[in-house]
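Take a look at the structure below.
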Amino acid sequence: MKRNLKIILLGAPGAGKGTQAELLVEDFGLAHLSTGNLLREAVAAETPLGKEAASYMDAGKLVPDQVITGLVEEFLRNAKGGCLLDGFPRTLPQARALDQMLAKLGEKLDYVVEVRTDPELIVSRLAQRLVCTSCGAPYHAQSKPPRQEGKCDGCGGKVERRADDAPETIRRRLAEYQEKTAPLVAYYREKGILFTVDGNLARAETYQQIKSKLGDAGE
Ligand code: AP5
């Protein structure tokens, strides 16, 4: 019996992390931290953090490590049960900072799920992506449109394209991933907690791969 799962979702921009996160959070009752969603909220609210982050995000670059780790530390302190980290860590310094934060709290990571998706498929999916500006829920203009055009099925928020889903910015984000985030695959594989699922499959099939690896860990 294990309810206090700590899971990281790792994968390139558009690999399907947010899509799988929705399913995992519901099934396993995890608190969800999407650093991308948190940053977009800060940008929309024009907070000092949002103002600092916006220029990096619009350029398809990663926001500086120290900005992000502060946000995550606060989330972890308040997350009582299990949690799902989606979009964090993205650099080796972030991964090491996370190890330290968890050690301080007497916790540890259980799994790192790598969602691996072909870059051509990513580019075509992101060109059709729509997101809820309130809760961050991902949609797809063709394969998963909101039931009512422009309105989130879950929270009723406004659904629209993301500013950083322009083709040029997508290319930059993919390059950042290769350079700064892909090394985390080896980092977590060495720790023996990483498994990889196929993000090229249909949503439910990818999720089935995750569930079968997690087994009854969340029961
Ligand atoms: P973030 O918001 O985390 O963006 P990302 O990593 O680029 O990932 P995405 O949200 O683009 O994609 P996803 O993998 O969640 O895919 P989705 O499920 O939506 O970060 C944005 C920015 O914030 C970064 O560029 C950076 O500047 C900053 N940032 C965030 N965290 C940071 C950190 N830790 N450090 C520094 N900077 C940070 O799917 C994509 C589309 O495909 C959707 O339309 C979906 O419906 C569709 N789809 C998904 N799966 C399938 C499927 N199986 N079949 C068909 N369609 C599918």
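Indexing begins at 1, ligand by ligand and atom by atom, following the structure's order.
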query: Within a strict 4.5 Å, meaning less than it, do heavy atoms of the D198 and R116 side chains meet?
result: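 Answer no - side chains too far apart.
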
Would you check whether [X] reaches within less than 4.0 Å of ligand 1, judged by its heavy atoms?
X: A15; answer: yes
X: G60; answer: no
X: S34; answer: no
X: R40; answer: yes
X: K61; answer: yes

- prompt: Under 3.5 Å, is there a donor-acceptor pair linking the side chains of D164 and T169?
  reply: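 Their side chains do not contain a donor-acceptor pair, so the 3.5 Å distance test is not met.
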
task: Answer with yes or no whether the side chains of S143 and R203 bring together a donor and an acceptor at under 3.5 Å.
output: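 Short answer, yes.
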
Under 3.5 Å between any N/O of [X] and any N/O of ligand 1: does that happen in this structure?
X: G18; value: yes
X: Q128; value: no
X: F88; value: no

message: Going by the closest heavy atom to atom 19 (O) of ligand 1, which one wins out of E176, R129, K180?
response: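 Minimum heavy-atom distance to atom 19 (O) of ligand 1 goes to R129.
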
- prompt: atom 4 (O) of ligand 1: which of R162, E205, R161 has the nearest heavy atom?
  reply: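 Residue with the shortest heavy-atom distance to the ligand atom: R162.
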
Looking at [Y] and [X], is any side-chain nitrogen of the basic one under 4.0 Å from a carboxylate oxygen of the acidic one?
X: K104; Y: E73; answer: yes
X: E107; Y: K6; answer: yes
X: R171; Y: E168; answer: yes

